[in-house]
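Since we're looking at a predicted model, the values are computed, not measured. Lettering follows sequence order; numbering is per chain, from 1.
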Protein chains: 2
Amino acid sequence: MGRAGHAGPGPAGERDAVATTIKDVAAAAGVGIATVSRVFSGTGSVSAATRERVLAVAGDLDYRPSAVGRSLKTRRTGGLGLAVPDVSDPFCAEVVAGVLECARSLGQHVLLDATLGDPAREAEIADRFAEQRVDGVIAMPSGVADPWTGFGRTGVPLVYVGRVPSCRSWAGKVPAVLADDAAGIRSAAEYLVGLGHRRIGFLGAPAPGTPPDVREDAFRAALAALGVPVDEDLVARARPTRDSAYAAAAGLMQRRADLTAVLASGHLPGEAAVLVARELDLRVPADLSIAMVDDIAWAELADPPLTAVNRPARDLGYRACELAARGTARRGPAGPVLLPTELIVRGSCGPAPSRRDRARH
Amino acid sequence: MGRAGHAGPGPAGERDAVATTIKDVAAAAGVGIATVSRVFSGTGSVSAATRERVLAVAGDLDYRPSAVGRSLKTRRTGGLGLAVPDVSDPFCAEVVAGVLECARSLGQHVLLDATLGDPAREAEIADRFAEQRVDGVIAMPSGVADPWTGFGRTGVPLVYVGRVPSCRSWAGKVPAVLADDAAGIRSAAEYLVGLGHRRIGFLGAPAPGTPPDVREDAFRAALAALGVPVDEDLVARARPTRDSAYAAAAGLMQRRADLTAVLASGHLPGEAAVLVARELDLRVPADLSIAMVDDIAWAELADPPLTAVNRPARDLGYRACELAARGTARRGPAGPVLLPTELIVRGSCGPAPSRRDRARH
DNA sequence: CCCTTTTCTGGAAACGTTTCCATGATGTTC
DNA sequence: GAACATCATGGAAACGTTTCCAGAAAAGGG
């Protein structure tokens, strides 16, 4: 009541403004709605004079074609669903940025949601995307289970980015854009071994399912290839939270005071390693070398700056979006796209201290 | 042609699967579409038996109501538009996370896009949101101009978050959720002055429009209130990019070797200050104290850990989303919501070095 | 057992587009 | 100048929902 009764002196009629539709424009311009549609969708032919008039009228009426009406008819919404575990994680954020960039260049828009690593939430989000009839889905799966495959079946292109579900059922049936994590870990491991390190701690992801995680595998393989025995006691695992990472790092580094280097499989364990080293009064890199995966902003700000394996997060997002939007996704299995990583050497790794050096300190 | 001719042995009919509609369900369940609609929308009354049957059939057919059809009829899409300058900026990312959290709890979804500080892009995004008929818009405006106000006029709730356009035309007509930047800056300034600092550098934002920026004003006001003369030469400005921030910081700190503290108005200038101090071989905090606005992850990782003013980014996003979704936004002017900041004291600020100390070094 | 109320149900009309089709008006070609 | 191709245009039928309305069935009251 309040609103309706009060509509008097508003400057430009605006109260509960119902958006102007194609009919209004047609009426005002004295043409049929089909003509207005043709003007705005660019299809068909319209005489220059008519086009002018329609555009003018549309401008006056502040007409904007409704994507809802259009989508209903054309069966394309122009939207892409994007689900990542956590938008405030720098890696995820960069992936999102890449997707946005590509989506924009393709004229698509993006529905974003965060899974927070919760399978239930993941399923809800997938449901919502389906209901919204997105044209494609890009997902960074967080866990083992996989609520996403439904899309493939309904003909909506689905692309994994940055990670694939760890359940075996996946088997490359869904296209994916990944960083070459194995190569990244290998390069870091080789670098550390090259500096003389033999007792290298590894801070990895938990392995809830059967397969122990790509990076952990890669770490073992790299050491083995270099003839360095793998000490299982030096492999620690943590969930992707600050607390869990810190606990794992602290546990490992206190238990094994003899290790000379730590390789963190992500920026969270990397951060934890730095903090624990500081807590334990270890000088980096004199007492302990630290390297991590993910070359994020603070790597350069830490003191000393951290040696890191860069994953091309932005490109991952961009490429994934291309696949999802183009629908190229559906052509054959094709296997995952692997993007190269790069070892960025900074000051956090040094030669392995000899036993005497360590004892003296 | 290829596709149509080849549809033979697919396992479960899936080829170019047209989504099942309410009609299919109605037909298969032997009821009218109105009944199916009632079952799914929860409105009206349906006998238990019928509901069962409909749900069963819908399950078999993997039916999902189309949000497009629904939106057309109900004139609500359930979507919120969110535009931020850069998703990979930690502050923005946190705001986005807050919005997502709130949106989820309200059953809305989020269309995200990045403006990159480009007014043209901002306008395009606003256009797209309008076309998509979002139910509300949340914008972190980047510049002076303001492509957003159009929404207010069309009855779509619009809320600014984190920042308001610097053009004067704004005048509080649009609701906003902001951090109390002035108070934040003041607390940091008071803290530094309390430590004995008198020559404090300020790294701020550029002032392209008339008003010089809230934080810069607050800085001046705080110093004045404490009886410290403001030296205009100590106020440097930069655009919100790494390069610009670095240049500004380097310029200021080289030009004025006598300054004893730097207050950075954001994490980018903060980062720049840390790097320049390192470059110039200044010990923090012995030679130079550094404090910044934005308590982001690396503040704790820097060495020494950085004293920072925390802005409740996540809450900003959450509150803004509430306003935008609830439409509470439209009730009166109400002025911006100000959320409190907090000074997090860490190790990067110390007592001002006496002149002798500095000379000796 | 009839009348009234309540509960269920289906038909049909929107909602704002696109697009097929038919029609009339122009141009073009010999 | 007749036959024909081309262009410009409007009417109408989708697209997948919700929701009003009216009718049918069930329930309740005397």
Side-chain angles (χ1 to χ4, degrees), chain A residues 16-55 57-58 61-79 128 130-135 154-155, chain B residues 16-55 57-58 61-79 128 130-135 154-155:
Chain A
D16 236 352
V18 161
T20 73
T21 78
I22 201 172
K23 282 185 203 154
D24 303 327
V25 177
V31 300
I33 61 167
T35 301
V36 179
S37 172
R38 259 167 261 156
V39 168
F40 278 90
S41 61
T43 67
S45 63
V46 193
S47 75
T50 314
R51 163 174 291 113
E52 287 295 306
R53 191 150 36 96
V54 167
L55 285 177
V57 168
L61 268 52
D62 196 32
Y63 168 69
R64 231 170 279 283
S66 158
V68 180
R70 190 206 336 261
S71 300
L72 185 57
K73 182 63 188 167
T74 63
R75 293 133 156 283
R76 305 202 71 237
T77 57
R128 180 114 203 176
E131 189 175 293
Q132 290 294 324
R133 301 289 194 264
V134 293
D135 293 345
T154 62
Chain B
D16 237 352
V18 161
T20 73
T21 77
I22 202 172
K23 281 184 204 156
D24 303 328
V25 178
V31 299
I33 61 167
T35 302
V36 179
S37 172
R38 272 180 296 248
V39 168
F40 278 90
S41 62
T43 67
S45 63
V46 192
S47 74
T50 315
R51 162 174 291 111
E52 287 296 307
R53 191 150 34 96
V54 167
L55 285 177
V57 168
L61 269 51
D62 196 32
Y63 167 69
R64 232 170 276 282
S66 158
V68 180
R70 185 199 346 249
S71 300
L72 185 58
K73 182 64 186 165
T74 63
R75 292 129 158 288
R76 306 202 70 238
T77 56
R128 180 114 203 178
E131 188 175 295
Q132 291 293 325
R133 301 290 194 262
V134 293
D135 294 344
T154 62

Residue pairs fulfilling side chain to side chain donor-acceptor pair (under 3.5 Å) with at least one residue in residues 31-42 of chain A, sequence neighbours excluded: Ser41(A)-Thr43(A)
Sugar-phosphate, base or nothing in reach of Arg51(B), heavy atoms under 4.0 Å: nothing
Set of residues satisfying salt bridge (charged side-chain N to carboxylate O under 4.0 Å, His left out) with respect to Arg53(B), sequence neighbours excluded: none
Nucleotide dT18(D), atom C1' - distance to CD of Glu131(A) in whole Å: 14 Å
DNA chain C contacts made by residues 70-79 of chain B, counting heavy atoms under 4.0 Å: Leu72(B), Lys73(B), Arg75(B)
Near-strand residues of residues 30-46 of chain A, defined as heavy-atom separation under 4.0 angstrom from DNA chain D: Gly30(A), Val31(A), Gly32(A), Ala34(A), Thr35(A), Arg38(A), Ser45(A), Val46(A)
Detail all sub-3.5 Å separations between protein N/O atoms and N/O atoms belonging to nucleotides 23-26 of chain C.
none

Which residues share a salt bridge (charged side-chain N to carboxylate O under 4.0 Å, His left out) with Arg76(B), sequence neighbours left out: Asp135(B)
Considering all heavy atoms, the nearest Val68(A)-Leu72(B) contact: CG1-N, 3.5 Å
Interatomic spacing from CD1 in Ile22(A) to CZ in Arg70(A) - rounded to 0.5 Å: 9.5 Å
Rounded distance in Å - NZ (Lys23(B)) to P (dA13(C)): 14 Å
Residues which pass salt bridge (charged side-chain N to carboxylate O under 4.0 Å, His left out) with Glu52(B), listed by chain and number, not counting sequence neighbours: none
Those residues that, when tested against Arg133(B), pass salt bridge (charged side-chain N to carboxylate O under 4.0 Å, His left out) (two or more places apart): none
Angle by which the axis turns from one end of the helix from dC1(C)-dG30(D) to dC30(C)-dG1(D) to the other, five pairs per end, to 10 degrees: 30°
Residue pair Ala19(B) / Asp24(B): nearest heavy atoms and the distance that separates them: O-OD2, 4.3 Å
Whole-Å gap separating C1' (dG16(C)) and CD1 (Ile22(A)): 7 Å
Point-to-point distance, once rounded to the nearest 0.5 Å, from CD of Gln132(A) to CZ of Arg64(B): 12.5 Å
From dT9(D), dC8(C), dT17(C), nucleotide with atom closest to Thr50(A) side chain: dT9(D)
With Ser47(A) via side-chain hydrogen bond (donor to acceptor under 3.5 Å, both in side chains) - residues at least two apart: Thr50(A)
Leu61(A) CG - dG16(C) C1' separation (whole Å): 15 Å
Least distance between heavy atoms, Leu61(B) atom then Thr20(B) atom: O-CG2, 3.4 Å
side-chain hydrogen bond (donor to acceptor under 3.5 Å, both in side chains) partners for Thr21(B), two or more places apart: none
